[in-house]
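First up is the structure itself, then whatever we jot down about it.
Keep in mind that what you see is a predicted model, and the values were worked out from it rather than measured.
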Amino acid sequence: MTIGDTSVRTSADAEGAWRVPLSPMKAGGPYTLSVSNDAGVTQQLDDIHFGDVFLCSGQSNMEMQVKASMNAETEIRRADYPQIRLYTVARASSPALVHELPQGGSWKVANPDNAGDFSATCYYFARDLQPHVGVPIGLISASWGGSAIESWIGANGLAAVGKNAEVAMLRTYATDEKLAQASFGKSWETWWKGSFPQDAGPWAEKERAGWAAVPLPMRDWKKWGDSDLAQHNGMLWYRKSFTLTPDQAKSGTILHLGQIDEIDMTWVNGKPLAQSFGWGTNRDYTLPAGMLKAGPNEIVTNIYSGWDMGGMFGPAEAINLQLKDGSKIGLGDGWHFRKAPKGAGDPPRAPWLAIGGLTTIGNAMIDPLAPYGLRGVLWYQGESNAGNPKPYRALLTTLMADWRAKFQNVQLPFLVVQLPNFGQAVSSPTNSGWSDLREAQRLAVRDDKLSGLAVIIDAGENDDIHPPNKQIVGQRLARLARHQIYKQAVTANGPNPVSAVRRGGEIVVRFEGIDGQLVTRSALAPIAFEICGAGSDTCRFASATVQGDSVAIDAPDNGNVDRIRYCWGDAPLCNLYDGAGLPAGPFEIAVR
């Protein structure tokens, strides 16, 4: 192998893989890489640059493309950055480790032809950073909309945070899918019976009262005209009865259920068959021998949708039982549905699901990259975990450790985007899953000296979970990288609270990381501060004033104040900034 003035000789392993170390190369290019074997066959790659590579990962807000961001047409037209290179890892998942990247990816120059389809946050980050560091920047975007953090963490890391049983089931799935599906189905049934002990479970019901015909043609249940389902995010049960001859029962091989959104758990004749995930994707299930029988048969499917459309979409001709000879028995009509009982939450998810499972996305989209020489990781994720934020601090800490091990770099920096404002603005203190998750992000980053937090609590949209202003996200990440990674003399991520101390009738919160001085916007004083007791519903808004590098919050001596919250709620209004225009982020801090 030859690149520039360097030539190296090595041997490939039994699978044809090889790797050679290079001495440090001068940043820049272009270089030509030439590889030859002993048979005289040569391959050549041109226009190679040496510089810093960043991995950008997370869910939909990291995946969101430049063409969907604010002022997209102008941004794409102006995209002319030959020193920035782009690589998008195609979506893929696997229950076992994968060594090769999904097909379809290639390095591209950041220009009008390529920038529009790339991650907006990742691109705007590099565009703002590159002039300040003076070296080429490579960007690897590996994201999947809707994915939970557990989908990205390796099996060993998940086992370390108490996911041993789920990891064991995932490993079983990798070698014996039918056994794992049956085992998970039984655990799903146990969950249902524990949640609704008076309900035997629709897969085992003897009576069919309370079931209604599914309207045809099959479509989103929100379009059925049923007022209870018009805004329904959650579960719905479907069932279908059909009759088979003895030969048909022996010959049935694949059950095709057509398009389903989003997660289905399916039984045939009371026995669990499979759970899978997809947004309007086809469900095709191979049937174990003996699952069908001569005479009456029944399919029961629980479908869960957490947002937007939900249900079984057909079309009718796509729903059928395929026989060994390739012929099909139509099952597209005669379906019935039943609503889930009140209080039904999210059902269990099999560990092999893509965005809601464990480690499967990381196996297929991150492990094949390792041990690439990364300069840093940008992580923008958390929306899918906001419904259960308590474990997130430990999970984020585990993710960082897991990826540092994968990339063989214990000093690998992580730049974490804190969730922005989204949802309903409120007029009184409230508890919030989004706030709890933001706090988990803040604390995980605070405890990790190699990571930094990009605060964007002022960059969201109350009614859009995908805010289009990705330019400001990129700007704050670039500033954070200059401070955290390149050690340049810029403040990092805005005012950070370091202490809260009672002083007479006030609680004084001191901040660090301030550029210039603390300032307030659109008011003479900071708003959104709360004084709280020990209980979860004891918080109340309090007046506050800026005092140098601190904020003094009114807290009468007779008030029981154990902690201070700032900028709490799904979509809070916050007005405390520093001189660089960086906001103080949401936090909760104990009073000393």
Quiz item: Which is it for Tyr123 and Ser69 under the side-chain hydrogen bond (donor to acceptor under 3.5 Å, both in side chains) test, yes or no, and what are the steps along the way?
Solution: CA-CA 11 Å; Tyr123 166 75; Ser69 68; over 6 Å; no
**OP:** Starting from the C-alpha separation in whole Å, work towards a yes-or-no answer on salt bridge (Lys or Arg N to Asp or Glu O under 4.0 Å) for Asp128 and Arg482.
**Re:** CA-CA 10 Å; Asp128 283 10; Arg482 291 174 61 196; over 6 Å; no
Next on the checklist: Assess the residue pair Ser276 and Asp264 against the criterion (side-chain hydrogen bond (donor to acceptor under 3.5 Å, both in side chains)); give the C-alpha distance rounded to whole Å, side-chain angles, the decisive distance to 0.1 Å, and a yes or no.
Outcome noted: CA-CA 6 Å; Ser276 63; Asp264 71 292; 3.0 Å; yes
| message | Pair Glu150, Asn385 - check side-chain hydrogen bond (donor to acceptor under 3.5 Å, both in side chains), show working. | response | CA-CA 9 Å; Glu150 293 92 335; Asn385 288 85; 3.0 Å; yes
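Relative to the six-membered ring of Tyr486, Arg375 meets both conditions, a distance below 6.0 Å and an angle of at most 45° to the axis.
Between the side chains of Gln381 and Tyr392, at least one donor N or O sits under 3.5 Å from an acceptor N or O.
Judged by distance alone, with hydrogens and angles left aside, the side-chain atoms of Ser119 form a donor-acceptor pair with the main-chain N or O of Met62 at under 3.5 Å. A donor-acceptor pair under 3.5 Å is absent between the side-chain atoms of Glu262 and the main chain of Phe277, judged by distance alone. Looking at Gln44, its side chain never comes within 3.5 Å of a backbone N or O of Thr32 through a donor-acceptor pair. Judged by distance alone, with hydrogens and angles left aside, the side-chain atoms of Thr491 form no donor-acceptor pair with the main-chain N or O of Gly513 at under 3.5 Å. In terms of modelled atom types and a separation under 3.5 Å, the side chain of Thr398 and the main chain of Ala394 share a donor-acceptor contact. With hydrogens and angles ignored, the 3.5 Å screen pairs a side-chain donor or acceptor of Arg438 with a backbone N or O of Leu419.
Salt bridge annotation for Asp447-Arg393: present, with a cationic side-chain nitrogen under 4.0 angstrom from a carboxylate oxygen. Comment: Lys406 engages Asp367 in a salt bridge, judged by a side-chain N to carboxylate O separation of less than 4.0 angstrom.
At a threshold of 4.5 Å between non-hydrogen side-chain atoms, the residues Thr121 and Met64 do not count as touching.
Take Tyr81 and apply the ring-ring contact (aromatic ring centres under 6.0 Å, His included) test, not counting sequence neighbours, and it matches no residue.
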